[in-house]
Amino acid sequence: MQYWLFKSEPDSFSFDRLEREGRTEWSGVRNYQARNFMKEMKLGDLGFFYHSSTKIPAIVGIVKVVREAYPDFTARQRGGDYFDPKSTEANPIWEMVDVAVESRLPRPVTLAELRENALLAPTMVLLRKGSRLSVQPVHKRDWDIVKKIAQTPAPQ
DNA sequence: GCCAACGTTGGC
DNA sequence: GCCAACGTTGGC
């Protein structure tokens with residue numbers, strides 16, 4: 001059982017929308033490191049759902065992996081946003097997983113709060129300077145800390 | 001809107 | 001194989 005973090009821009013795909021739809025294909029990842037992490041994912045693994053590129057970036061919910069890695073067909077949709085001419089049926093290159101809503105956190109845990117936490121700061125990939133990975137692993141220790149924070153009252 | 005950090009591309 | 005140029009990400 002491993003823990004992960006998925007970034008999404010709420011303007012393009014929010015946690016609200018995932019709650020309405022129940023589950024989704026995590027397609028469109030075009031970074032090899034992120035893809036490789038998706039290939040490591042197992043059914044039942046959990047991940048934080050993080051809202052990026054928004055006013056208050058924050059972890060807002062938890063998702064569960066409900067289908068392990070399989071070829072990302074959007075790479076072969078000519079004219080689509082995620083088309084990649086290098087991807088073929090024999091060698092799809094890009095992969096995706098399916099995730100479903102697990103739960104919403106009692107409250108969002110903001111990036112600012114995560115940064116302030118002395119235990120998380122050195123270990124969370126999200127907090128590394130210049131980190132842009134859209135799919136990343138989370139240590140169990142860090143997972144537990146974030147869940148604890150979410151159960152405390154929001155600052156101010 | 002700015003800009004630092006990063007990944008990828010392509011010339012050599 | 002190096003590295004400059006470029007495009008993208010994402011916080012602020």
Side-chain angles (χ1 to χ4, degrees), chain A residues 2-19 21 24-41 45-63 65 69-99 101-102 104-139 141-143 145-150 152-156:
Chain A
Q2 301 220 75
Y3 298 94
W4 307 96
L5 181 146
F6 295 85
K7 283 186 193 173
S8 187
E9 300 186 17
D11 287 346
S12 55
F13 194 91
S14 65
F15 192 72
D16 281 20
R17 180 164 159 201
L18 183 63
E19 277 191 319
E21 299 181 3
T24 191
E25 294 156 338
W26 209 263
S27 61
V29 172
R30 294 294 177 269
N31 170 284
Y32 287 102
Q33 229 186 324
R35 180 206 64 181
N36 291 343
F37 284 132
M38 287 200 292
K39 287 167 99 168
E40 290 180 29
M41 292 180 185
D45 279 3
L46 298 176
F48 285 134
F49 193 104
Y50 173 81
H51 279 166
S52 67
S53 289
T54 188
K55 207 135 185 218
I56 303 175
I59 295 173
V60 293
I62 294 176
V63 299
V65 175
Y70 62 106
D72 180 347
F73 56 82
T74 64
R76 300 187 57 239
Q77 288 174 338
R78 198 169 291 276
D81 286 348
Y82 299 102
F83 179 67
D84 183 347
K86 296 191 296 297
S87 174
T88 62
E89 194 161 2
N91 182 19
I93 304 181
W94 303 112
E95 308 246 327
M96 60 189 181
V97 296
D98 289 358
V99 301
V101 157
E102 177 73 7
R104 180 181 283 272
L105 290 183
R107 66 167 179 86
V109 178
T110 67
L111 178 62
E113 271 184 276
L114 296 171
R115 286 202 192 287
E116 279 167 14
N117 188 292
L119 296 172
L120 297 175
T123 50
M124 270 196 97
V125 176
L126 183 72
L127 306 180
R128 284 215 285 258
K129 190 173 170 178
S131 172
R132 308 188 331 192
L133 256 190
S134 64
V135 175
Q136 52 183 258
V138 173
H139 295 110
R141 180 176 5 102
D142 294 346
W143 180 270
I145 293 171
V146 172
K147 288 195 68 175
K148 270 247 173 60
I149 295 174
T152 66
Q156 276 34 336

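In what follows, every heavy atom counts, from backbone to side chain, and hydrogens, waters and symmetry copies are set aside. In what follows, chains are A, B, ... by sequence order, proteins preceding strands, each numbered from 1.
Within residues 70-77 of chain A, no residue places a heavy atom under 4.0 Å from DNA chain B.
Qualifying salt bridge (charged side-chain N to carboxylate O under 4.0 Å, His left out) partners for A:E21, counting only residues two or more places apart in sequence or in other chains: A:R17. Contacts of A:R104 classified as salt bridge (charged side-chain N to carboxylate O under 4.0 Å, His left out), with partners at least two apart in sequence or in another chain: A:D16, A:E19. With sequence neighbours excluded, no residue forms a salt bridge (charged side-chain N to carboxylate O under 4.0 Å, His left out) with A:K129. Residues satisfying the side chain to side chain contact (heavy atoms under 4.5 Å, CB included) test with A:S53, not counting sequence neighbours, are A:E9. Among residues two or more places apart in sequence or in another chain, the salt bridge (charged side-chain N to carboxylate O under 4.0 Å, His left out) test is passed with A:D45 by none.
Annotation: salt bridge (charged side-chain N to carboxylate O under 4.0 Å, His left out) contacts involving residues 111-121 of chain A, sequence neighbours excluded, comprise A:R107-A:E113. Applying the side-chain hydrogen bond (donor to acceptor under 3.5 Å, both in side chains) test to every pair with at least one member in residues 26-39 of chain A, sequence neighbours left out, gives these pairs: A:R30-A:D72, A:R30-A:T74.
Here A:R115 lies in heavy-atom contact (under 4.0 Å) with sugar-phosphate atoms only. Backbone-only engagement by A:K86 is indicated by non-hydrogen atom pairs under 4.0 Å involving sugar-phosphate atoms exclusively.
Applying side-chain contact (heavy atoms from CB on, under 4.5 Å) to A:L111 and the options A:T54, A:L126, A:I59 leaves one that passes, A:L126.
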B/S/- contact track for nucleotides 2-10 of chain C, protein heavy atom under 4.0 Å: -----BBBB
